[in-house]
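Residue numbers start from 1 in every chain, and the chains themselves are labelled A, B, ... in the order their sequence lines are given, proteins ahead of strands.
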2 protein chains.
Amino acid sequence: MLKGHLDMIVLAALTIGPAHGYAIIQEIQRRSAGAFELPEGTVYPVLHRLEKNGLLRSRWTIAESGRKRRTYTLTRQGRQALADHRAVWHRFVDAISGLFGEASGATAWPHR
Amino acid sequence: MLKGHLDMIVLAALTIGPAHGYAIIQEIQRRSAGAFELPEGTVYPVLHRLEKNGLLRSRWTIAESGRKRRTYTLTRQGRQALADHRAVWHRFVDAISGLFGEASGATAWPHR
DNA sequence: GTGCATACCTCGTTACACTAGGCATAACGT
DNA sequence: ACGTTATGCCTAGTGTAACGAGGTATGCAC
């Protein structure tokens, strides 16, 4: 049910800083209050596509435990893409609000 | 880009009263302030599916112009489905807001 | 009578989220 | 020592749903 918005969701999870795939999944789950429990088969292909498109950069890192992880970082392009997605998202929400006859403008959040 | 929410959008357009396909498309466009310009190839199959699932009922009507139109009406099931979709939608918006670190609760609209 | 808006329809493509697997290592319990 | 769970990565195939492209027909204005 997140069709079309998945890229935005994944990019948003990386605004706090670099993270590896598994942690991204958990961060999304945490920040969405459990609403988004994304399966790995959904997230990993997205990460690969985002990196291929230049929105993310990845490198192999070694955790204290000794486990290898692929850590992803937002690129400048990625931040821009997220900002764009976010603007589209807010227009989308406003449009749906209009459909429901709800007041709009509630989504006029300041940029950060 | 409205993937997964199309049923809700079409159902919402019919809350004001019965309408035929072409009018539904224009009503959606009007109420969304031009954000949603749905092609007919998108809407008609949705109407057929919704009727097949019992959320809409249709009948052929004759306009003053003499033109034949298929007029759709929300069923009780349809109203319920719309209410459900709407609740899911608001949870969805809250979840995305959480992802962005925005304040939530902005979508706690009263039922109408 | 030509063009445009209205009004309906279907078929095929495509994009994409997800299911269902597979592989490997660390931590923990017994 | 051994099994189980959690961690961590990956891909191939599937199903669905929105959409593009096309087809048909009528009323109206010029």
Side-chain angles (χ1 to χ4, degrees), chain A residues 1-11 13-14 18-30 32 35-53 55-56 58-72 81 85 88 92 95-96, chain B residues 1-11 13-14 18-30 32 35-53 55-56 58-72 81 85 88-89 92 95-96 99:
Chain A
M1 305 182 175
L2 0 101
K3 310 205 180 190
H5 308 293
L6 230 195
D7 289 10
M8 176 180 71
I9 290 170
V10 170
L11 290 173
L14 281 167
H20 61 285
Y22 206 80
I24 290 173
I25 291 174
Q26 293 177 325
E27 176 68 9
I28 290 173
Q29 188 174 348
R30 191 187 65 77
S32 70
F36 299 148
E37 298 188 29
L38 306 187
E40 304 174 16
T42 293
V43 174
Y44 286 116
V46 171
L47 291 171
H48 299 161
R49 194 181 66 241
L50 291 175
E51 180 170 25
K52 185 182 156 206
N53 294 344
L55 308 188
L56 297 181
S58 79
R59 61 180 197 282
W60 283 101
T61 55
I62 311 288
E64 312 84 36
S65 59
R67 300 178 70 91
K68 285 197 295 184
R69 297 162 168 173
R70 187 180 286 278
T71 299
Y72 290 90
H85 272 296
V88 170
F92 184 69
I96 299 281
Chain B
M1 303 181 178
L2 2 100
K3 317 205 178 187
H5 309 292
L6 229 196
D7 288 10
M8 176 179 72
I9 290 170
V10 171
L11 290 173
L14 282 166
H20 61 284
Y22 206 80
I24 291 173
I25 291 174
Q26 293 177 325
E27 175 69 9
I28 290 172
Q29 188 173 349
R30 192 187 65 76
S32 68
F36 299 147
E37 298 187 30
L38 306 187
E40 304 175 16
T42 293
V43 174
Y44 286 116
V46 170
L47 291 171
H48 299 161
R49 193 181 66 241
L50 291 175
E51 180 170 25
K52 185 182 157 207
N53 294 343
L55 308 188
L56 296 180
S58 80
R59 62 182 198 279
W60 282 100
T61 56
I62 312 289
E64 312 83 38
S65 59
R67 299 178 71 90
K68 284 198 295 182
R69 298 164 167 171
R70 186 182 286 279
T71 298
Y72 290 91
H85 272 295
V88 170
W89 164 253
F92 185 69
I96 299 282
L99 254 298

### Message
Measuring from the side chain of A:L6 (C-beta onward, heavy atoms only), which nucleotide among C:dA17, D:dC10, C:dC8 has the closest atom?
### Response
C:dA17
### Query
For D:dC19, does either OP1 or OP2 sit under 4.0 Å from a side-chain N or O belonging to B:T42?
yes
### Query
What is the nucleic acid contact for B:G41, judged by heavy atoms within less than 4.0 Å: base, sugar-phosphate only, or nothing?
base
### Task
Could you tell me the separation between the CD1 atom of A:I24 and the CG atom of A:L56, rounded to the nearest 0.5 Å?
7.0 Å
#### Entry: Interatomic distance, B:I62 atom CD1 to B:K68 atom NZ [nearest 0.5 angstrom]
6.5 Å
#### Entry: Rounded distance (Å) that lies between atom C1' of C:dC18 and atom CD1 of A:I25
13 Å
### Query
Separation of A:Y72 atom OH from D:dC10 atom P, in whole Å?
5 Å
### Query
What is the distance from CD of B:E37 to P of D:dA18, rounded to the nearest Å?
18 Å
#### Entry: Nearest to side-chain heavy atoms of A:P39, which nucleotide of D:dA17, C:dC9, C:dT19
C:dT19
### Message
Expressed as a whole number of angstroms, how long is the span from B:I9:CD1 to D:dA17:P?
### Response
14 Å
### Task
Using the six-membered ring wherever Trp is involved, compare the ring planes of B:H5 and B:W89 and label them parallel, tilted or perpendicular (cut-offs 30° and 60°).
perpendicular
### Query
Could you state the NE2-P distance from A:H20 to D:dA6, rounded to the nearest angstrom?
16 Å
### Message
From C-beta outward on A:R67, which listed nucleotide comes closest to its side chain: D:dC9, C:dA7, C:dA24?
### Response
C:dA24
### Message
If the cut-off is 4.0 Å, is B:H48 near the phosphate of C:dT10, judged by side-chain N/O to OP1 or OP2?
### Response
yes
### Task
Starting at atom CG of A:D7, determine the distance to atom C1' of C:dA15, rounded to an integer number of angstrom.
12 Å
### Summary
The nucleotide from C:dC8, D:dA18, D:dT11 with an atom nearest the side chain of B:R49 is D:dA18
### Task
Please tell me which of the listed nucleotides, C:dC8, D:dA6, D:dA17, lies nearest to the side chain of A:Y22?
D:dA6
### Query
What residues, two or more places apart in sequence or in another chain, satisfy side chain to side chain contact (heavy atoms under 4.5 Å, CB included) together with B:Q26?
B:Y22
### Query
About how many Å separate NE2 of B:H20 and CH2 of B:W60, when rounded to the nearest 0.5 Å?
10.5 Å
### Comparing A:S65 and A:P45 on DNA chain C - which has the more 5′ nearest nucleotide
A:P45
### Message
Would you say A:R70 places a side-chain N or O within less than 4.0 Å of OP1 or OP2 belonging to D:dC10?
### Response
yes
### Query
In whole Å, what is the span from the CG atom of A:L38 to the P atom of C:dA20?
17 Å
### Task
Give the rounded distance in Å between these two atoms: OH of A:Y44 and P of C:dC23.
17 Å
